[in-house]
Amino acid sequence: MTFEKILLGIVIFLYSIATLGIFLGMLSSKRKLRSWANKVTLAGFATHTLLGITLLINHSLEEITAGYYLLLLPWCFILVWLIAWRILKTQFISLTVAPLALLLSVFSVRLSSIQIVLPDNFAGTFIGLHLGSLFLSIGLLALACGAGSIFLYVNNRIKKKEPLADFATDFPALSTCDKINHVAVMVGFPLYTLGLISGFVWAPLFFQIVANPKILVSLVLWFFYALLFYQRVALGKKGRKPARLAILIFLISVLAIGLDQVFSHHSQILLPLQ
Amino acid sequence: MKNDLCLVGLNYKTAPVEVREAFALTDPKLLEKDIIPLDDDIRECLILSTCNRVEIVAIADNKIAKERILELWASAVGKKVSELNPYIYYYRGAEAINHLFSVASSLDSMVLGEPQILGQLKDAYKEALDRGSAKVIINRLLHRAFSVAKRVRTETAIASSAVSISYAAIELAKRIFEDMSEVRALLIGAGEMAELAATYLLNNGIKSISVANRTFSRAQELAKEYSGTAVPFDCLLESLSESDIIISSTAAAEPIINAKDMKEVLKLRKHKPMFFIDIAVPRDIDADVNTLDNVYLYDIDDLKDVVEENIAQRRSEALKAEAIVQEETSKFVQWLRSLDLQPTIVDLINRNESIVNEELERTMDRLGPFNQEQENALIAMMTSILKKINHDPIVYLKKNLGETDATNFNINLIRRIFNLDNENIPSHSPAGISCTQRRMGGSGKKTSCK
């Protein structure tokens with residue numbers, strides 16, 4: 001997979017440059033630098049998409065390693081950010097998205113030598129439904145987490161009557177952050193539920209499921225997600241509390257992804273490459 | 001020098017308001033007259049007169065500029081020069097350019113970074129254009145001043161923060177509400193500052209405004225003024241649930257809104273954020289309200305603190321702006337000095353051109369007739385030679401443009417070398433040897449020095 005490896009290298013390089021540009025742009029309060037960094041993120045996303053297409057064209061699903069599957073997650077993050085950028089006209093969420101995409105891309109390299117052995121019935125629909133919906137919902141959670149962090153910072157400053165730091169003068173208004181959080185939860189929770197159900201329905205058909213921390217954390221995550229969804233829909237909660245909850249849920253999702261690598265029944269389908 | 005750039009003026013730093021009023025040149029009747037008529041001594045002129053300053057920029061003979069302008073200025077307002085003298089400042093050359101660029105960039109304004117001065121300078125420039133008193137130098141100077149002001153605004157944050165209480169309140173509101181066109185405001189009571197804030201809100205395109213007042217007729221009056229709706233004071237809590245920004249400035253001795261009331265209001269409005277601007281003293285809104293989620297309360301002291309911080313920020317940005325002004329001043333000074341070179345460059349080109357044309361004609365007479373193609377080729381060759389001959393002296397002239405002495409030395413040298421002033425140079429030097437001989441160590445063939 002030499003060509004794919006070159007593309008992966010370019011993707012990581014572009015996300016690194018974008019992350020650096022975003023942080024430098026924030027610290028120096030230079031809009032142009034941030035705007036340039038966003039364009040580099042876009043270039044990274046385009047290369048990332050090309051990598052995905054190349055993999056699908058050149059290889060069967062059995063040949064694709066775990067690392068490349070994991071690359072779908074940062075791709076979903078950027079996709080969600082792009083949609084938010086387009087609809088909500090706010091590009092600040094790239095502040096969290098580009099570094100996350102970089103981390104996950106680098107992590108995926110670690111897994112690039114692990115072959116995934118998928119049962120025949122498990123491949124196409126499963127990938128789309130289980131992985132796709134879960135990854136997209138986690139992407140939305142990342143978006144909600146970014147918006148929530150900005151909300152808490154700006155809210156805290158306004159409440160305490162303190163000026164915003166130089167890097168924060170271009171942050172979106174509180175109402176925009178709350179709107180992003182709201183939309184991310186409204187779309188993300190049903191997707192996460194779908195992803196979880198698809199896993200619970202399909203997996204027992206091929207694996208012997210035993211209770212493990214990963215399943216427990218996934219259920220805890222679903223519970224908090226549901227709580228946030230309920231607060232938003234039924235109670236009409238807005239502002240600080242939903243923002244905090246969104247950050248907490250995203251952190252749990254990060255824990256779930258970590259545990260997935262250690263305890264998951266997924267380990268039954270991960271085999272080292274010969 | 002007849003092309004000196006001079007600036008005479010007074011401003012709020014040098015003159016009290018009575019003096020500024022007395023010497024203002026804003027009276028329309030006054031402006032109908034030609035206050036500073038152009039002549040051989042004053043070639044260009046621009047007058048900027050605002051409530052905080054009067055500045056007269058002129059391209060004039062430096063030796064008489066100050067006195068002439070002061071005389072004309074004082075007589076235009078019916079005063080004596082001696083009454084004006086103690087309050088004025090006079091700059092010329094780089095200092096004048098630097099001052100004008102600082103004025104345009106609002107670095108010399110009473111409220112640092114305020115945008116009005118640029119508009120006033122543009123009006124003054126338009127006036128000068130209409131009168132025909134702005135020519136090559138003032139035209140370029142003013143265009144440069146506008147571009148410096150723009151650069152200062154884009155490259156520094158000098159104008160990014162609010163320095164008035166009402167405006168600071170609106171800027172804070174924008175941190176809470178992204179889309180002001182969806183925002184509904186409620187004005188409780190009346191007062192100059194509250195009304196100003198309401199006007200700012202309307203200028204920012206808010207959706208609607210309601211007015212509540214203990215005297216309902218006053219509420220109706222204000223509502224009419226803002227094209228809003230009047231709300232009976234007894235229905236205040238109900239109207240709060242429909243309002244996003246509340247500006248309060250009643251004369252009530254006790255708070256009229258407290259946290260307990262607000263809990264109910266927040267439930268009614270499904271926890272949508274609310275921004276209270278309490279301009280009243282004593283305060284109308286209980287400070288506990290700020291402890292509620294999605295409710296933000298700023299009283300007059302909080303807003304004053306915001307304004308003070310913003311002013312301090314503008315001061316620090318002014319240092320960056322001054323560096324920009326300094327850089328642009330140097331560039332303009334260079335351009336101005338290059339104007340001094342123009343007559344010498346023109347003389348040099350004309351002289352060489354006449355020599356070339358003379359020689360060309362002689363050659364054509366001697367070797368001709370030529371057909372059109374040959375003639376064109378000869379002309380092209382001579383033009384190319386001419387350009388090459390002119391190039392080095394012109395480059396030399398433009399060296400060290402920033403330094404007056406060096407520029408004058410270069411001009412004199414080139415004028416003498418090429419005899420641009422047609423001085424009579426003896427055909428033989430006192431030593432009795434020709435130019436060529438001197439150049440060649442005295443051994444060359446004796447030729448004329450022409």
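The analysis underlying the following values was restricted to heavy atoms, covering all of them including side chains, and did not include hydrogens, waters or symmetry mates. So that the names make sense, note that chain A is the first sequence line, chain B the second, and so on, each numbered from 1. All of these numbers come straight from a predicted model, not from anything done at the bench.
Annotation: the span from A/Lys179 atom NZ to B/Asp179 atom CG amounts to 7.5 Å, rounded to 0.5 Å. Taking CD1 of A/Ile158 as the start and CG of B/Leu172 as the end, the distance is 6.5 Å to the nearest 0.5 Å. A/Arg232 contributes atom CZ, which lies 11.0 Å from atom NE2 of B/His271 (distance to the nearest 0.5 angstrom).
For B/Leu303, no part sits under 4.5 Å from any heavy atom of chain A, backbone or side chain. Interface remark: B/Asn290 contributes backbone and side-chain atoms alike to the contact with chain A (heavy atom separation under 4.5 Å). Interface residue B/Lys272: backbone and side-chain heavy atoms are both found under 4.5 Å from chain A.
Between B/Asn294 and A/Arg240, every side-chain heavy-atom pair lies at or beyond the 4.5 Å cut-off. For the pair A/Leu164 and B/Arg175, the minimum side-chain heavy-atom distance is below 4.5 Å. Looking only at side-chain heavy atoms (C-beta outward), A/Leu174 and B/Phe177 stay at 4.5 Å or farther from each other.
The residue among A/Lys161, A/Lys238, A/Lys241 with the most heavy atom pairs within less than 4.5 Å of chain B is A/Lys161. Interface remark: of the candidates B/Asn310, B/Asp293, B/Leu297, B/Asp293 forms the most heavy-atom pairs closer than 4.5 Å to chain A.
A donor-acceptor pair is defined here as one N or O able to donate and one able to accept, closer than 3.5 Å; no such pair exists between the side chain of A/Thr176 and the backbone of B/Glu178. In terms of modelled atom types and a separation under 3.5 Å, the side chain of B/Tyr298 and the main chain of A/Lys159 share no donor-acceptor contact.
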